[in-house]
Structures are given as C-alpha cells and as structure tokens.
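Structure, as structure tokens:
Note that these values count all heavy atoms, side chains included, but never hydrogens, waters or copies made by symmetry. In what follows, every chain begins at residue 1, and chains take the letters A, B, ... in the order their sequences are listed.
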2 protein chains.
Amino acid sequence: MVDQAFPLWFSGVMSDDLDTVFAALADPTRRAILAMLLEDDMAVTDVAEPFEMSLAAISKHLTILTRAGLISQEKRGRVKWCKLEPDALRAASVWMQGFGQFEPVNLDAFERFLENQLSAGDEA
Amino acid sequence: MVDQAFPLWFSGVMSDDLDTVFAALADPTRRAILAMLLEDDMAVTDVAEPFEMSLAAISKHLTILTRAGLISQEKRGRVKWCKLEPDALRAASVWMQGFGQFEPVNLDAFERFLENQLSAGDEA
DNA sequence: AGCTTGGTCAACCATTTGGTTGAATATGCG
DNA sequence: CGCATATTCAACCAAATGGTTGACCAAGCT
C-alpha cells in the first residue's frame, strides 16, 4: 500500500491506523465518551445514558472507538465493559509532536484553550 | 450549542474546533500535505504535484486544512502560498494530553512508532 | 490585446457516516 | 421454564465526504 517511490516519512503519515484514530476523534459524541471513560470503566448502557440517542447508535460509536484502539470492550456476564485504552491516543499525539517542534506540554496553555472554547461557546 | 446542563469539561470536548481539526487530520492526503509543508511553504500547484489527483481535489483539501486552522493561505501575485500553522495542531495535541496522563513527549517513542509503521507496511 | 499559468467554482457521482427502528441474541433471575 | 435486561444486527435513510470534469476568473508575459 505504501509505495517505495515515496520518501520515507510517508510510511508514518499515510498509515491507516492514524486514519481510524483521527476519524474516531473527529466526532464530539465519541470524544465525550472517551472523557467519560477517563473517570471510570463503564457498561455500554451506562455510557449511553447521558446521550439523547439510541443505544444502537452508541453501540456503533463504541465499535468505532474499539476499532481505532482507543477503547477496549470486555464482556463479563451479560454486560460489556468499556475501558479507555490510551495507547492509540498516545500514538496519535506523538505523531502530532512531529509538527511544530512543540514545546513540552504546557498545562497553562491547556487551560487557556479551554477558556477560549468556553467564551467561543458563549458568543454563539 | 453547548448546553449548561452538561458538566464543564464538555465545553472543551464538544467543541466544533476539535471536530474540524481531527476530521482534517483523518485524511492521509491531508496529513501528507502537512508533512510537506513542514519542510517549507509551498504554492498550491507545487503541493498538488506529487499526488495522483486533480488540482481541484487538492484545492479542496487545502481549504479544509485552512478552515481547521492547520494551515494558512496567502495570495501573492497569482500564486497562493500555503504555510503550516501549528497552533491548531498544538491545541488538538494538548487536548489529547488530558487522556492517559501522558508522560512528557518522548522522541524515542516517536521513532519506534515510525519503525512499527514501516514494518507493518512491509508485511502487507 | 491575447495567450498562458494558477487556482477556484459548480455540477455531478459513488461511498461513507451517523442516525433511526424493529427484530434477534445472549445472559441472568424467580 | 419464562421473563426481563444488555447488547448487537439488519435494513433503511439523509447528509457529508472525496473525487471527477469543464467552465470560469485573475495575474503575469510578449
């Protein structure tokens, strides 16, 4: 799939893995699910509860997150537990570090970013 | 758009900005373009040259990257120059840091990641 | 002015995405 | 066994995505 005619860095940039990870992250529902799982592992039904959306829709989102490697699902009894799996996220994050020679992660910048998001939301 | 009934962190997670940034990153052509721009600013035609795809298609990809804030475009004379704009990327990267309590970015990990991508490509 | 080059616009097309509903498949409980 | 709970499957739908082509506009060259 990756042709030798391309320069080396293409192998990293073109990878399907990044496709699925970034595509998974591009949906706000899925990001919200990840954030929920950050606090604790959850059953599918509990994940679905805060959303105004069918259980089936959430189930689909969860398989997308699973295929991206962002979460794992383990069936125990009749409930399927969802668990955050930060490795894929870390891989994508690390890929991003290749750009812009980012200075080591700055938590202040994160807070400023969140504030911007917040005020941007107020304007609308 | 973001409802006050949601907990605070939703404002960050649900933001449209992240939607467009991650969606932009989910396409391998666009990631390749970013990687090219990492080396130098380029005119639209030159960006398009290595791809087996119409100029119009590349032009669309560039507007998507621009709307995501990942690049900027400035028209000088009759050529439009594309320039990497790492702030949006940084914002997304910083968002990711919220997950998994990532250890400070590890360049060795990046190299290992690239090697994995490489060998994965060979297998296929 | 007239040609060429750089880039976008508009219309179109196939495929994917994100959602729905209703039926189906476990698994546990009394 | 018979019922309720947890989750997925299948079919369907509207809208978005990623590409094409051909016409179009803008800027420089002779």
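- Look at CZ on B:R67: it is 12 Å from P on D:dG18, rounded to the nearest Å.
- Rounded to whole angstrom, the span from the CE atom of B:M42 across to the C1' atom of C:dG6 amounts to 14 Å.
- The backbone N or O of B:L89 lies less than 3.5 Å from no partner atom in the side chain of B:S93, so there is not a single donor-acceptor pair.
- Between A:A23 and B:A43, it is B:A43 whose nearest contact on DNA chain C lies nearer the 5' terminus.
- In terms of the salt bridge (Lys or Arg N to Asp or Glu O under 4.0 Å) criterion, B:K60 has no residue partners (sequence neighbours excluded).
- Rounded to whole angstrom, the span from the CD1 atom of B:I58 across to the P atom of C:dG6 amounts to 15 Å.
- To the nearest 0.5 Å, the span separating SG on B:C82 from CE on B:M42 amounts to 8.5 Å.
- In this structure, CD1 of B:I33 is placed 12 Å from P of D:dG18, rounded to the nearest angstrom.
- Going from atom CG of A:L62 over to atom P of C:dG19 covers 12 Å, rounded to whole Å.
- Taken from CG in A:L38 to CG in A:L34, the straight-line distance is 8.5 Å, to the nearest 0.5 Å.
- Straight-line distance from the CD atom of A:E49 to the C1' atom of D:dT7: 17 Å, rounded to whole Å.
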(request) Using a 4.0 Å cut-off on protein heavy atoms (strictly under), produce a 5'-to-3' string for nucleotides 19-30 of chain D with B for base contact, S for backbone-only sugar-phosphate contact, and - for none. (result) BBB-----BS--
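- With rounding to whole Å, A:F51 atom CZ is found 10 Å from C:dG19 atom P.
- If you measure from atom CG of B:L65 to atom P of D:dT17, you get 14 Å, rounded to the nearest angstrom.
- Contacts of A:A23 classified as side chain to side chain contact (heavy atoms under 4.5 Å, CB included), with partners at least two apart in sequence or in another chain: B:A26.
- Tested against B:I71 for a side chain to side chain contact (heavy atoms under 4.5 Å, CB included), the candidates B:D41, B:I64, B:L62, B:T63 yield a single pass: B:L62.
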